[in-house]
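Reckoned from all heavy atoms, side chains included, excluding hydrogens, waters and symmetry mates. In what follows, residues are counted from 1 in the order of the sequence shown.
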Amino acid sequence: MQEADNNSMAHYVRTLLEESAEATLSESDKTVDSDNAMAIARALVDKAKTGDLHAIKEVRSLAETGGNIREQPFEMPARMMTEKYLTVWRDIKEGLHTEYVLYGGRGSAKSTFVSLVILDLLLSKPMLHAVLCRRVKDTLRDSVYAQMKWSIAELGLERDFDCRVNPMEIVYKTTGQKIYFRGADDPAKLKSIKVPFGYIGILWFEELDQFCGEEEIRSIEQSVIRGGDEAYIFKSFNPPRTTGNWANQFIKVPKETRLLCKSSYLDIPPSWLGKVFLEEAAHLKEINPLAYDHEYGGNPNDEGGSVFNNLTLRSITEDEIRGFDRIYNGIDWGWYPDPFRFHRVSYCAGEGRLCVFDEISGNKMPNREIYQRLKVHGLSKQDRITADSGGEGPKSIADLREMGLQVRRARKGPGSVAYSMKWLSSLKEIVIDPARCPCAAKEFMNYQYETTEAGEVISGYPDRDNHSIDAIRYALEEVWRRRGQ
């Protein structure tokens, strides 16, 4: 019956268009109006009558699709579903969960499965639209967009879908349902999506670990999934090597509405992967078992690699900030390509907890601009700032002092880096708000000890991608230099 609704969509639109704006539907039309397809058609035409340009475009398109209506109900081919994903697919069809997290190693067909399921949902639920999201919008075309086009072709549905690039979207011609593609780095376009009818009930986060923590994910979910009682949220990623990464921690927290599915290439028919893929996997397993376990097995294993295993990424509220007893401020100078970095932090010695809640970052920032940015962030002459004293640091420190800020030089000295890094990594917890401090969150998550090509850890801390870390070390210098700390 559902597919019949879909197939009648274009007919209903044409029928409604033939009536005058004031005409009253017959009793038979009112009966049909209870069907999904008629409801959608009516919503489209009503919107078009008000001058909605999106609805006008969809009505015009649907009214001309008489020859493109499918004659048979769509069924997912059995050959497209492996045993690993069959259980998940059945769970989705029965509506047992809202959120589906698929994670694992290379070649496990996670993205393939999600793209196929999205098509299946669109074809069976004519009121739903979908949004496919990556952290950076420039990565959409060569990833999720290309994946959806592949799945459409693989299922033989090319004539049923219109794949557009500008704007990037895919339209199911029979109903006008849309698949939107958006990057989290352009939040305005995520919030401004207006569907021609129905609502957005499908959301896919591809490469989940590349997003800036659960706060960003929640914000997107709240902006996109609105207007209906039925929703399907998919999250797929290859687990980062470091166990402290927020995505690896995220899947450890139980949630009743969430279903987890871990997979690897061993769950996939070898014929899908090819000889070369299997040979490369076997070779890596032989020469570097640890790397194989992570890359192909999908297992986080940071044996000695991750410096900060005490990291927590979460929102830090204004109420928390108002309750902080002591605030510390630090600066790491930079111009280009190294960035300027400023951080405000709070340290509670009794709990062994460091909270990082404010950040300023930029390239080619003159000292006058730095001063203005600091003032905007609430810094005054009462706030003491500890800044890098190397290179051009003394000159910049002098400039900010002349402008009225209380800035002092970091003492540094032999062994200070290793000592302060050990102190930071030994804290009970380092809490970073990824929305307020995205640069710090990324650095602390990804910072690892130096290793050899074989993956063996080298003692010492790499002096790269650590600008936030250095600024925070300087901010807390008076704390970690105290005897007994």
Is the backbone of [Y] close enough, under 3.5 Å, to the side chain of [X] for a donor and an acceptor to pair up by distance?
| X | Y | answer |
| --- | --- | --- |
| Asp185 | Lys137 | yes |
| Asn446 | Lys442 | yes |
| Gln249 | Thr312 | no |
| Asp267 | Ser264 | yes |
| Asp160 | Thr174 | no |
| Arg141 | Asp138 | no |
| Arg182 | Lys189 | yes |
| Asp433 | Ile316 | yes |

Got [X] and [Y] here, is their nearest side-chain heavy-atom distance under 4.5 Å?
| X | Y | value |
| --- | --- | --- |
| Leu96 | Leu259 | no |
| Met148 | Leu132 | yes |
| Phe197 | Gln177 | yes |
| Phe205 | Ile220 | yes |
| Asp358 | Arg436 | no |
| Asp332 | Phe340 | no |
| Asp120 | Trp89 | yes |
| Ile430 | Phe444 | yes |

Using every non-hydrogen atom in the two residues, find where [X] and [Y] come nearest and quote the distance to one decimal.
| X | Y | result |
| --- | --- | --- |
| Ser108 | Tyr85 | O-OH, 2.5 Å |
| Pro240 | Pro300 | O-CB, 3.5 Å |
| Gly201 | Ile225 | C-CD1, 4.1 Å |
| Phe250 | Arg258 | CE1-NH2, 3.1 Å |
| Ile360 | Met365 | CG2-CE, 4.3 Å |
| Leu122 | His129 | CD2-CA, 4.3 Å |

Heavy-atom neighbours of [X] [atom1] exceed 12 at 6.0 Å:
| X | atom1 | value |
| --- | --- | --- |
| Lys262 | NZ | yes |
| His377 | NE2 | yes |
| Glu256 | CD | no |

request  = Apply the side-chain contact (heavy atoms from CB on, under 4.5 Å) test between Ile469 and each candidate in Glu443, His343, Arg341; give the one that qualifies.
outcome  =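 Going through Glu443, His343, Arg341 one by one, the side-chain contact (heavy atoms from CB on, under 4.5 Å) with Ile469 is satisfied by Glu443 alone.
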
key: Derivation of the side chain to side chain contact (heavy atoms under 4.5 Å, CB included) call for Glu295 and Leu284   = CA-CA 9 Å; Glu295 296 178 22; Leu284 186 62; 3.5 Å; yes

With rounding to the nearest 0.5 Å, note down the distance linking [atom1] in [X] to [atom2] in [Y].
| X | Y | atom1 | atom2 | answer |
| --- | --- | --- | --- | --- |
| Ile432 | Ile472 | CD1 | CD1 | 5.5 Å |
| Leu116 | Ser151 | CG | OG | 4.0 Å |
| Tyr461 | Tyr447 | OH | OH | 8.0 Å |
| Tyr100 | Leu260 | OH | CG | 12.0 Å |
| Glu158 | Ile152 | CD | CD1 | 8.5 Å |
| Leu203 | Cys133 | CG | SG | 6.5 Å |

key: Pair Phe277 + Tyr265: ring centers closer than 6.0 Å   =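 Close enough - the centres of the two rings lie under 6.0 Å apart.
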
[X]/[Y] ion pair, N-O < 4.0 Å:
| X | Y | result |
| --- | --- | --- |
| Lys173 | Asp162 | no |
| Lys275 | Glu280 | no |
| Glu206 | Lys235 | no |

inquiry  = Checking Phe357 against Arg344 for the side chain to side chain contact (heavy atoms under 4.5 Å, CB included) test, could you report, in this order, the C-alpha distance in whole Å, the side-chain angles of both residues, the deciding distance, and whether it holds?
reply    = CA-CA 6 Å; Phe357 64 91; Arg344 303 196 83 184; 3.8 Å; yes

query = Taking it one step at a time, do Met168 and Leu140 satisfy side chain to side chain contact (heavy atoms under 4.5 Å, CB included)?
reply = CA-CA 9 Å; Met168 189 179 295; Leu140 290 166; 4.0 Å; yes

key: Pro337: side-chain contact (heavy atoms from CB on, under 4.5 Å) partners, not counting sequence neighbours   =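 Pro337: no side-chain contact (heavy atoms from CB on, under 4.5 Å) contacts found.
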
Show me the donor-acceptor pairs, under 3.5 Å and distance only, between side chains in residues 207-215 and residues at least two apart or in other chains.
{"residue": "Gln210", "atom": "OE1", "partner": "Arg134", "partner atom": "NH2", "Å": "3.3"}
{"residue": "Glu215", "atom": "OE1", "partner": "Arg218", "partner atom": "NH2", "Å": "3.1"}

query = Should the ring pair Tyr296 and Tyr292 be called parallel, tilted or perpendicular, given that the plane angle runs from 0 to 90° and is split at 30 and 60?
reply =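 The arrangement is parallel - the two ring planes meet at less than 30°.
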
task = Could you go through the side chain to side chain contact (heavy atoms under 4.5 Å, CB included) check for Ile202 and Ile233 one step at a time?
result = CA-CA 6 Å; Ile202 304 170; Ile233 302 174; over 6 Å; no

request  = Consider only side-chain N and O atoms of Ser115 and Gln147, and report whether a donor and an acceptor are under 3.5 Å apart.
outcome  =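 Present: a donor and an acceptor within the cut-off.
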
query = Between Arg314 and Glu320, does a salt bridge (charged side-chain N to carboxylate O under 4.0 Å, His left out) hold up when you go through it step by step?
reply = CA-CA 12 Å; Arg314 66 166 176 82; Glu320 283 185 89; 3.1 Å; yes

